[in-house]
Amino acid sequence: MTATGSDPNAQAQAQVRVRVGEANQAGYRRFGLGEFGFSRDDYFVYVSWPTGSHVVSADAFLKALQRDVAWEFFYGIVNFDGVVGTVNHYGTVDLFAGRYNDAWRKAELDHLENFPTPLIRATFAAMLDDWTNAGFDPFASPDETGTAFGPKHGSNTAAVTRHRVTATRMVGLPNDEPLRSDQTGHPVNRQFTDVPQDEPIVQAQPGFQGLVHGFNLFKYLSRSDVTWNPSVVSVCRDSLYCPTTEEYILPIIHGNDRVEWFLQLSDTIIWEVEDRDSGAVRSRVTMHPGDVAAMPADIRHQGYAPKRSMLLVWENADTNLPHLISTGQLPTNPIDY
Ligand code: PHB
Ligand code: FE
């Protein structure tokens, strides 16, 4: 299959060849990337490479795949689970199995291949679209979506290709990402009916009209229809405010290549924090409203949200950071006490 269609991005990459096989008995196609093979059936996804194989629940795999695709492979490492994942080198991407898992490493059965970003992106996007059934939304909370399971039935292309909010300056400014309302198809979530819906009154001094802006972030987040999907809502050079609403479990285990700050805006999230390379347990961080945490650059983390909650993720997009940290020119933690 060749990536084409009306998407200009896909057209620009028309020479990217996705390796896709015939549909199996369950109706799902098989995909190949380098020496990796991917297939799914009613319940599971099977990943194979020359020295091993792995099985993952189909819903967990699709939720992780959805985020890896939508986030352009994110910052650093996206572990789908303790075995399979990707490392972003910002232009190329490693696909690995067992590389960040002590047991697979010691047995020398781990495997890693590097791909140009357009090839792995097109392969993952095609797999996500083929394997997502009608009624299943990989971004939705478990309580707000249908099932991922069963033989192939229909598709949900609108959900798996939905626009990711990335403001250039701040949401709500002219020519930037719009605010959310009933009219834009963003009703208040069932868990956030108590969130005030007023907007601030901005009175700019003469000469500053159009330069001063503000919006109600709590209202904005109360109308999010997705979970575990940070939106860039404001940008100040490399400082990105990426708030998100969370419910149930972060579908990836994120391995950092820089420090990330978390500010808990509402409710509770429990973070399991592990060593990035071995997976050894490092700590558990339970965050309540108002709590601030800095996640070091040498860990991986996965969040658990018992109720839908609001979290501000603060990212530093400076492209020099991974190199400065991996070569020891910057520390892995932001503060020494
Ligand atoms: C993270 O890995 O830091 C992360 C990812 C998605 C979220 C929140 C945090 O929704
Ligand atoms: Fe993270």
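Atoms within a ligand are numbered from 1 in the order they appear, just like the ligands themselves. Any value given below was found using the heavy atoms of this structure, including those in side chains, with hydrogens, waters and symmetry copies removed.
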Note to self: Using a 4.0 Å cut-off to any heavy atom of Phe262, which atoms of ligand 1 qualify?
What the structure shows: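 Answer for ligand 1: 3 (O).
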Notebook entry, point to check: Considering only heavy atoms of Pro230, which atoms of ligand 1 have at least one such atom less than 4.0 Å away?
Noted result: 6 (C), 7 (C), 10 (O)
Margin query: Using heavy atoms and a 4.0 Å limit, tell me yes or no: is Trp71 in contact with ligand 1?
Written below: yes
Margin query: Using a plain distance cutoff, I'd like to know if His254 has any nitrogen or oxygen under 3.5 Å from a nitrogen or oxygen of ligand 1.
Written below: yes
Check: What is the nearest protein non-hydrogen atom to atom 4 (C) of ligand 1, stated with its residue, atom name and distance?
Finding: Leu250 CD2, 4.1 Å
Check: Backbone, side chain, both or neither: what part of Asn229 comes under 4.0 angstrom of ligand 1, heavy atoms only?
Finding: backbone
Check: Using heavy atoms and a threshold below 4.0 Å, how should the contact between Tyr75 and ligand 1 be classified: side chain, backbone, both, or neither?
Finding: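 The answer is neither; Tyr75 stays 4.0 Å or more away.
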Next item on the list: Look at atom 9 (C) of ligand 1 and find which of Trp271, Trp228, Phe74 reaches it with the closest heavy atom.
Entry: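 Considering heavy atoms of Trp271, Trp228, Phe74, the nearest to atom 9 (C) of ligand 1 sits in Trp271.
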Note to self: Tell me the nearest of His301, Arg300, Glu246, Arg67 to atom 7 (C) of ligand 1, using heavy-atom distances.
What the structure shows: Glu246
Note to self: What I want to find out is whether Arg284 reaches Glu272 closely enough, with some N-O distance under 4.0 Å, to be called a salt bridge.
What the structure shows: yes
Check: Is any side-chain N of the basic residue among Arg99 and Asp94 closer than 4.0 Å to the acidic one's carboxylate O?
Finding: no
Margin query: Can a donor-acceptor pair be found, under 3.5 Å and without considering hydrogens, that links the side chain of Arg40 to the backbone of Asp42?
Written below: yes
Margin query: Please evaluate residues Lys307 and Gln191 with respect to the criterion side-chain contact (heavy atoms from CB on, under 4.5 Å), reporting the C-alpha separation (whole Å), side-chain torsions for both, the decisive distance (0.1 Å), and the verdict.
Written below: CA-CA 8 Å; Lys307 276 189 74 214; Gln191 303 275 24; 3.7 Å; yes
Of the N, O or S atoms in [X], the one nearest the Fe ion (ligand 2):
| X | result |
| --- | --- |
| His254 | ND1 |
| Glu260 | OE1 |
| His301 | NE2 |

Next item on the list: Could you pull out the closest heavy-atom pair between Leu263 and Gly290, with the gap in Å?
Entry: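 For Leu263 and Gly290, the tightest heavy-atom pair comes out as CD1-O, 4.0 Å.
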Check: Closest heavy-atom contact between Val235 and Thr168?
Finding: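 Looks like CB-O, 3.4 Å.
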Next item on the list: State, with a plain yes or no, whether a side-chain heavy atom of Pro306 is found less than 4.5 Å away from one of Tyr248.
Entry: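 Side-chain contact under 4.5 Å: no.
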Margin query: Is any side-chain heavy atom of Met295 closer than 4.5 Å to one of Ile299?
Written below: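 A side-chain contact exists here, since the closest heavy-atom pair is under 4.5 Å.
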